[in-house]
Structures are given as structure tokens and as C-alpha cells.
*Asks:* 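I am attaching a structure below and will ask some questions about it afterwards.
Residue numbers count from 1 along this sequence. Side chains are part of it too, since the values below use all heavy atoms of this structure and drop only hydrogens, waters and symmetry mates. Keep in mind that what you see is a predicted model, and the values were worked out from it rather than measured. Atoms within each ligand, like the ligands themselves, are counted from 1 in listed order.
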Amino acid sequence: MTNSKVAVVTGSGQGIGKGIAERLAQDGFAIILSDRNGEVLEQTTKEFKNQHDQVASFIGDVSNPADQKALVKTAVDQFGSVDVFVNNAGIELVCPFEEIAPENLENIFRINVFGVVYGIQAAAEQMKTQETGGKIINACSIAGHQAFDMLSAYSATKFAVRAFTQATAKEYAKYNITVNAYCPGIVGTSMWDRIDEEMVKYMGLQKGEAFKKYAEGIALGRTEEPTDVADFVSYLASPGSNYMTGQSIMIDGGIVFN
Ligand SMILES: NC(=O)C1=CN([C@@H]2O[C@H](COP(=O)(O)OP(=O)(O)OC[C@H]3O[C@@H](n4cnc5c(N)ncnc54)[C@H](O)[C@@H]3O)[C@@H](O)[C@H]2O)C=CC1
Ligand SMILES: CC(=O)C(C)=O
């Protein structure tokens, strides 16, 4: 049990999720790290435990509802509540629309969409029992506002995240639970290493050139770091955002303007 607020971050073994967890730990949250990749999770947990007092971890797959419930139970057993739940885990799929294979389509929807649904359900079940409610924060994308070629299935999953963010914000408002989403642009994580690797094959470019090409469209003139996303998620997790719900906000350095 703890007097601190408690934040759960899925897909926090590396990349944006790790950056968010680090920032929320600095903000004073007790942190539950979670990932399906046990190796990166173990390494990141070790790093966090060296720097922060209240850290626990859970190996789980967001597309499995039982794992999501067990993740919430771990947070409650360890620290007594779930005040913030970040549905960050997600995967990409790079290919022309005509080549989307059924198993790949199913896999990306299972993780990026079903995973967010099961995460919201598990978090809200706990938050409804808390007088203070809670904050659910989902990973969307600029691709959730404007679909990208070669990323059509991925974009569709992020449009779905935006829809669930809006609808669940309406359903859970009466329990003092807010639901919002962050929409990053081009963040230099392992996800973009893989996107670049796939895209350059289709485009006949050299390694790194797809990333560079997308980066040229950023108004602020540089690609994004996990800390850029984490600074915004810190706000979404803070009392400063109490009057915001159902929003999927661009944090992209100026790529997509709505
Ligand atoms: N990198 C980027 O440019 C952008 C990323 N995003 C979104 O941000 C989120 C994080 O992306 P990155 O950190 O870049 O990705 P990443 O691939 O670098 O890291 C994702 C982490 O999630 C974990 N993960 C994947 N599937 C999982 C599952 N089924 N259950 C549990 N853990 C799982 C992976 O093991 C990995 O540690 C994703 O939802 C992504 O769609 C959105 C916009 C831009
Ligand atoms: C990975 C992602 O969401 C984009 C648009 O780069």
C-alpha cells in the first residue's frame, strides 16, 4: 500500500511506454511496468528499481483479457489502487493495402484495438470502486486522425482507438473516470526502425531514408523523442487535465493539423 498515486503503463519495457513510465515515476507515481517481452521488461524494471522506490512489474499480453485483469490486480495488491492506466502497447503493420494478409490484420486489431478495449475494461472496473475515479490514457497516433498509405491497417486501428476513447469517456464520466489519448508523430523507437526497414523495401530506398522522408514533414524540424510524448502524458495524468475527456490530442511537432 502507498500514499502515492498509482500508474500502470502497458508496453513499457522500451520506447514510448518506458519514457512515459519514467516521467510518471518522476512525477511521484508508484509504477507498474508491463510488457509481453520478459527480457526488456526485466532490464527496464532493474533500471527503475535502482532509481525509484515504488516499482513493480507484470509480464502480460494486452490482447488477453485475463492478463489485463491480472495486471490491474497486481497494481492493487502491490500499491492499493489504479489511478492512471496507460494503454500504450501497440504494433505496426507496413504493407500495401492489397497485400494485407488475414492473419496480420487479425493480429494488429487484436493488439492495438482489442488490447485497448480489454485495458479500459480492466482499469475501469477497478476505478469504479475508487471514490477518486481515475484517468485512462490511450496510445493513438497522427495516423488515428489521418490514414497513411502503407499503414492502412495500422491507421484503422488508431481510428478505432479514437472511437473507443470518445465513447468510453461518455460512459465512464459519471464515475469520475476520464479517458483521453495521445497522438504522437514520428518517434525514434524500435517501432520506427521496423517501419523504416519495411518501407524502404517497397520504396526502393536505403536504410533510414523512409524515416528521413517522413521527418521532412515536421514543422518543428526534428523527429520526436519518447520524452516529448511523456511530457504530454504527464499532463493527462495530472489534475491539470481534470476537465478534459474523450480527446485524442496531437503531440507531433506539427505534422497533422486538424
Ligand atoms: N513510434 C512512433 O512513431 C509512434 C508510436 N505510436 C504508438 O505508441 C505506442 C508505443 O510505440 P513505440 O514505443 O514506438 O513501440 P515499440 O515497438 O518501440 O515498443 C512497444 C512495446 O510494446 C510491447 N508490446 C507489443 N505488443 C504487446 C502486447 N500484445 N502486449 C504487451 N506488450 C506489447 C513491445 O514488447 C514493446 O516493448 C504504440 O501504441 C504505437 O502505435 C503512435 C504514434 C507514433
Ligand atoms: C507509427 C506511427 O504512428 C506513425 C504515424 O508513424
*Asks:* Which option, Thr189, Val161, Asn107, Val86, owns the non-hydrogen atom nearest atom 14 (O) of ligand 1?
*Replies:*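 The nearest heavy atom belongs to Thr189.
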*Asks:* Does any N/O atom on Val187 come nearer than 3.5 Å to any N/O atom on ligand 1?
*Replies:*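 So ligand 1 has an N or O lying under 3.5 Å from an N or O of Val187.
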*Asks:* Just wondering, do Val55 and His52 contact through their side chains at under 4.5 Å, heavy atoms?
*Replies:*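 Yes, at least one pair of side-chain atoms sits under 4.5 Å.
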*Asks:* Can you check whether Leu105 reaches Pro102 side chain to side chain, under 4.5 Å on heavy atoms?
*Replies:*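 Side-chain contact under 4.5 Å: no.
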*Asks:* With heavy atoms of Gly11 as the reference, note each atom of ligand 1 found under 4.0 Å away.
*Replies:*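 Reading through ligand 1 atom by atom, the close ones are 21 (C), 22 (O), 23 (C).
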*Asks:* With a cut-off of 4.0 Å, which atoms of ligand 1 are near a heavy atom of Asp61?
*Replies:*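 With Asp61 as reference, the close atoms of ligand 1 come out as 28 (C), 29 (N), 30 (N).
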*Asks:* What pairs of residues pass the side-chain hydrogen bond (donor to acceptor under 3.5 Å, both in side chains) test when at least one of them lies in residues 93-103, not counting sequence neighbours?
*Replies:*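 Pairs touching residues 93-103 that pass the test: Glu99-Tyr202.
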*Asks:* I'd like to check whether Val40 has a polar contact with ligand 1, where a contact means an N/O of the residue lying under 3.5 Å from an N/O of the ligand.
*Replies:*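 No: no nitrogen or oxygen of Val40 is under 3.5 Å from one in ligand 1.
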*Asks:* Looking only at protein heavy atoms, which one is nearest to atom 26 (N) of ligand 1, and what is the separation?
*Replies:*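 Looking only at protein heavy atoms, the one closest to atom 26 (N) of ligand 1 is Arg36 NE, 3.3 Å.
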*Asks:* Report all N/O contacts between ligand 2 and the protein shorter than 3.5 Å as a table of atom names and distances to 0.1 Å; if there are none, say 'none'.
*Replies:*
from: ligand 2; atom 1: 3 (O); to: Ser141; atom 2: OG; distance (Å): 2.7
from: ligand 2; atom 1: 3 (O); to: Tyr154; atom 2: OH; distance (Å): 2.7
from: ligand 2; atom 1: 6 (O); to: Gly185; atom 2: O; distance (Å): 3.4
from: ligand 2; atom 1: 6 (O); to: Trp192; atom 2: NE1; distance (Å): 2.8

*Asks:* Counting only heavy atoms not in Glu42 (residues, nucleotides, ligands), do more than 12 fall under 6.0 Å from its CD?
*Replies:*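 At most 12 heavy atoms, drawn from other residues, nucleotides or ligands, come within 6.0 Å of this atom.
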*Asks:* For ligand 1, is there an N or O atom under 3.5 Å from any N or O atom of Gly17?
*Replies:*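 No: no nitrogen or oxygen of Gly17 is under 3.5 Å from one in ligand 1.
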*Asks:* Should you measure from each heavy atom of Ser190, which atoms of ligand 1 turn up under 4.0 Å away?
*Replies:*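 The atoms of ligand 1 under 4.0 Å from a heavy atom of Ser190 are 16 (P), 17 (O), 18 (O).
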